Amino acid sequence: MKPTVGYLGPEGTFTHEAACQLFSDQPVHMMPYPTIPDVLSAVDRGECTHGVIPVENAIEGAVNLTLDWLIHQVDVPIVGELVHPITQCLLVHPSQANRQKEAWNRIISHPQAIAQCQLHLRRHYPQVQVEYANSTAEAAEKVSRHPTEAWMAIGTRQAAKRYGLHILSADVQDFQNNYTRFIAVGSPLPARRTPPGQWKTSLCVTLASDFPGALHQVLATFAWRKINLTKIESRPTKTGLGNYYFIIDAEMEREHVLLKGAIAEIEAFGCKVRVLGSYPCYRSQSVQSLSR
Ligand SMILES: O=C(O)C(=O)C[C@]1(C(=O)O)C=C[C@@H](O)C=C1
């Protein structure tokens with residue numbers, strides 16, 4: 001049976017591009033969902049074999065909704081990662097494309113996309129009212145349904161094609177080198193033609209108690225074993241101010257004797273360790289020819 005891949009939709013989101021890349025080597029059934037929690041819940045209850053969602057952006061940082069749902073709401077392992085380039089475009093209805101800059105009155109997009117372009121918007125379109133959408137493609141689709149409005153969406157080139165929009169300007173993010181890290185969750189990833197660049201294990205660590213050097217003690221277990229950490233992020237446990245989980249990404253397979261040793265040592269201090277997944281990491285090929 002073909003795998004069913006849930007992703008943050010509708011068609012034409014960055015997540016859709018990432019999902020097409022990750023599953024480009026075999027036939028799959030792609031299933032769009034309106035929100036990140038919907039994707040994760042669909043995988044959790046077995047409606048999809050896999051899910052693809054964003055987890056971190058180079059400009060804006062962590063996608064907290066993804067982290068919080070992975071920790072608190074669902075029990076689905078991370079099985080793969082894809083780093084994908086993000087080119088934000090200003091998309092408008094073709095019948096409005098000749099407007100002056102001052103004439104645009106609304107910008108619609110996903111909060112992460114708006115945040116990545118905030119300097120550009122302040123500089124060029126200070127008058128626009130911001131409206132948030134569940135995804136960049138949802139915003140593009142809304143602009144396409146309102147041909148008489150002076151509205152812009154921020155989104156992908158693919159969304160311009162799919163929803164018949166005009167690209168007013170491309171690369172409008174405030175910093176170049178814009179990349180988002182997407183993760184696949186659910187069943188193990190089918191084999192891909194390209195080998196992974198690296199292997200990571202994501203851990204969620206809860207400290208035993210709050211004392212000077214508690215986090216240092218945890219980090220030291222990785223340091224003396226020379227295990228490289230690629231990320232550490234704290235998220236509230238939601239039990240009170242000052243209580244955190246630490247999400248630690250280690251550049252090593254879960255079964256490696258050094259990582260097993262590190263986890264055992266951290267647990268011996270009384271900390272709780274949950275393995276969120278151990279997975280291959282890929283980088284995107286060109287996104288030009290993607291469509292499914
Ligand atoms: O709205 C989309 O197109 C998405 O795929 C979501 C998302 C995100 O949540 O970070 C993905 C990549 C970009 O950073 C902007 C938005």
Side-chain angles (χ1 to χ4, degrees), residues 5-23 30-40 42-43 48 50-70 78 80-91 107-121 130-144 151-163 165 167 169-185 231 233 235 247 282-284 287 290-292:
V5 181
Y7 67 92
L8 173 65
E11 288 184 12
T13 57
F14 290 102
T15 311
H16 185 210
E17 292 181 346
C20 290
Q21 283 271 344
L22 269 170
F23 292 87
M30 286 282 178
M31 185 99 99
Y33 287 88
T35 67
I36 290 170
D38 290 331
V39 175
L40 287 169
V43 179
C48 293
H50 301 85
V52 178
I53 43 177
V55 69
E56 185 189 5
N57 172 260
I59 298 177
E60 263 311 290
V63 180
N64 292 334
L65 191 58
T66 294
L67 295 179
D68 285 354
W69 268 71
L70 281 175
I78 304 173
E81 174 190 288
L82 181 83
V83 173
H84 184 67
I86 303 294
T87 299
Q88 301 286 10
C89 299
L90 280 184
L91 311 176
I107 181 94
I108 314 173
S109 203
H110 186 278
Q112 277 272 349
I114 299 269
Q116 289 163 32
C117 307
Q118 53 187 304
L119 297 176
H120 184 91
L121 295 177
V130 172
E131 181 183 319
Y132 291 118
N134 283 317
S135 71
T136 57
E138 184 188 274
E141 198 259 342
K142 185 161 184 182
V143 167
S144 76
W151 293 355
M152 299 186 282
I154 300 178
T156 63
R157 288 181 194 278
Q158 295 290 328
K161 272 197 209 143
R162 269 171 214 275
Y163 302 104
L165 298 180
I167 300 179
S169 15
D171 261 323
V172 295
Q173 65 275 359
D174 297 330
F175 300 91
Q176 296 312 306
N177 292 323
N178 192 15
Y179 290 89
T180 292
R181 224 158 46 83
F182 292 87
I183 49 171
V185 296
K231 182 161 197 282
E233 181 90 33
R235 287 299 300 154
I247 297 155
Y282 300 94
R283 291 190 79 85
S284 258
V287 296
L290 290 177
S291 61
R292 229 179 236 273

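In what follows, every heavy atom counts, from backbone to side chain, and hydrogens, waters and symmetry copies are set aside. Every number for a ligand or one of its atoms is a count from 1 in the order of the listing. Because the structure is predicted, anything quoted here is derived from the model rather than measured.
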Quick one: nearest non-hydrogen protein atom to [atom], plus distance?
atom: atom 8 (C) of ligand 1; value: P54 CG, 3.6 Å
atom: atom 9 (O) of ligand 1; value: H110 CE1, 3.1 Å
atom: atom 1 (O) of ligand 1; value: T136 N, 2.7 Å
atom: atom 4 (C) of ligand 1; value: T15 OG1, 3.5 Å

Any idea which atoms of ligand 1 are less than 4.0 Å away from a heavy-atom of [X]?
X: L8; value: 4 (C), 6 (C)
X: S135; value: 1 (O)
X: N57; value: 14 (O)
X: T180; value: 12 (C), 13 (C), 14 (O)
X: T13; value: 2 (C), 3 (O), 5 (O)

* Does the side chain of L70 come within less than 4.5 Å of I183's, by heavy atoms? -> yes

* Asked: How many angstroms lie between atom OG1 of T136 and atom NE2 of H16, to the nearest 0.5 angstrom?
  ->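 It is 11.5 Å, given to the nearest 0.5 Å.
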
* When the aromatic ring centroids of F14 and H110 are compared, is their separation below 6.0 Å? -> no

* Asked: Where the closest heavy atom to atom 15 (C) of ligand 1 is concerned, which of E17, R181, Q116 has it?
  -> Q116

* Structure fact -> Sorted by chain and number, sequence neighbours left out, side-chain contact (heavy atoms from CB on, under 4.5 Å) with P32 holds for Y7

* **Residue from I59, L119, I154 passing side chain to side chain contact (heavy atoms under 4.5 Å, CB included) with Q173** =>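 Per the side chain to side chain contact (heavy atoms under 4.5 Å, CB included) rule, the option paired with Q173 is I59, out of I59, L119, I154.
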
* For the residue pair K231 and A62, what are the closest heavy atoms and their distance? -> NZ-CB, 4.3 Å

* To do: Looking only at non-hydrogen atoms, find the nearest pair between A159 and L91 and report the distance.
  =>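 That closest heavy-atom pairing would be CB-CD1, 4.1 Å.
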
* Strictly by modelled atom types, are N178 and Q88 linked by a side-chain donor-acceptor pair under 3.5 Å? -> no

* Please say whether F14 places an N or O atom under 3.5 Å from an N or O atom belonging to ligand 1. =>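 Yes - when backbone and side-chain N and O of F14 are compared with those of ligand 1, one distance drops under 3.5 Å.
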
* To do: Using distance alone, determine whether N134 and ligand 1 share an N or O pair under 3.5 Å.
  =>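 Min N/O separation from ligand 1 is not below 3.5 Å for N134.
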
* Which one holds for E60 and ligand 1: side chain close, backbone close, both close, or neither close, with close meaning a heavy atom under 4.0 Å? -> neither

* Determine, for E233 against R235, whether the closest basic-nitrogen to carboxylate-oxygen distance falls under 4.0 angstrom. =>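 Salt bridge between E233 and R235, a charged N being under 4.0 Å from a carboxylate O: no.
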
